[in-house]
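Just below is one structure, and these are the notes that go with it.
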Amino acid sequence: MEPTAFPVNRALSIIGGKWRPQVYCALESGPKRFSELEREIPEITRKVLTDQLRELEDLGMVKRTSYPGKVLHVEYALTGEALTLQPTMKSLCKWGEDNCEDT
């Protein structure tokens, strides 16, 4: 069996990486504008945040909604599929908190 065929590998390809878990957590409370996401994840660069949002949108985990008007208003939100990951993400966060060594 190919490594990518294992369900856990598919899950990790969707939630893994340095920034994706933080994007998921930032969007957990509801839709946000790009600038709100930047404030919630201050260490991330604009380019990396843009790339992560596009990749998550391509994976069907984030929905981008544009609102027309004089000033373009764009919001990002977790899709229904991404919301099913939230219990798992919370468990991972709890595990990280419980198993973090103080340095």
Side-chain angles (χ1 to χ4, degrees):
M1 181 183 280
E2 290 292 316
T4 54
F6 286 99
V8 71
N9 289 344
R10 177 174 167 5
L12 289 174
S13 73
I14 290 172
I15 65 169
K18 181 176 180 179
W19 299 109
R20 283 187 187 175
Q22 293 180 59
V23 172
Y24 282 115
C25 289
L27 291 173
E28 179 182 31
S29 61
K32 294 208 171 44
R33 292 181 179 200
F34 189 88
S35 59
E36 293 174 302
L37 291 169
E38 284 183 304
R39 281 193 294 276
E40 287 202 33
I41 313 169
E43 300 86 12
I44 197 169
T45 66
R46 291 179 69 86
K47 181 188 180 328
V48 171
L49 179 56
T50 298
D51 291 346
Q52 291 298 294
L53 288 167
R54 284 184 184 148
E55 288 174 16
L56 290 169
E57 188 177 3
D58 290 343
L59 289 166
M61 304 307 281
V62 167
K63 182 175 105 176
R64 180 183 189 271
T65 305
S66 298
Y67 298 94
K70 285 187 176 184
V71 177
L72 180 62
H73 173 162
V74 176
E75 287 184 345
Y76 298 90
L78 295 177
T79 63
E81 186 177 2
L83 289 172
T84 65
L85 269 174
Q86 289 313 101
T88 302
M89 296 298 287
K90 286 180 187 281
S91 293
L92 286 170
C93 287
K94 176 77 172 121
W95 185 89
E97 289 170 359
D98 292 348
N99 293 286
C100 180
E101 292 182 27
D102 292 339
T103 55

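For this chain, numbers begin at 1 and follow the sequence in order.
- Distance OH/Y24 to CG/L56: 4.5 Å, rounded to 0.5 Å.
- Atoms NE2 and CZ, on H73 and R33 in that order, are 3.5 Å from each other to the nearest 0.5 Å.
- In plain terms, the two heavy atoms of G60 and T79 that are nearest each other are O-OG1, 2.7 Å.
- Once rounded to the nearest 0.5 Å, the distance linking CD1 of I15 with CZ of R10 reads 11.5 Å.
- In terms of heavy atoms, A82 sits closest to M61 at CB-O, 3.1 Å.
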One pair to check against side chain to side chain contact (heavy atoms under 4.5 Å, CB included): V23 and E55. What are the steps and the verdict?
CA-CA 12 Å; V23 172; E55 288 174 16; over 6 Å; no
Using the rule given for side chain to side chain contact (heavy atoms under 4.5 Å, CB included), can you reason through E57 versus L53, listing the C-alpha separation, both sets of side-chain angles and the distance that settles it, and then say yes or no?
CA-CA 6 Å; E57 188 177 3; L53 288 167; over 6 Å; no
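- To the nearest 0.5 Å, atom NZ of residue K90 and atom SG of residue C25 are 8.0 Å apart.
- L85 is not listed as a side-chain neighbour of L78, based on a closest heavy-atom distance of 4.5 Å or more.
- Listed here is the closest heavy atom pair of R20 and L59: NH1-CD1, 3.5 Å.
- Checked by atom type and distance alone, the side chain of R64 never pairs as donor or acceptor with a backbone atom of R54 at under 3.5 Å.
- Taking CG of L27 as the reference point, atom CG of L37 lies at 5.0 Å (rounded to 0.5 Å).
- Separation of atoms CD (E40) and OG (S29) is listed at 6.0 Å; rounding is to 0.5 Å.
- L49 places a side-chain heavy atom less than 4.5 Å from the side chain of F34.
- In this structure, the side chains of Q22 and E43 come closer than 4.5 Å at one or more pairs of heavy atoms.
- Dense packing is recorded around NZ of K32, with more than 12 heavy atoms of other residues, nucleotides or ligands lying under 6.0 Å away.
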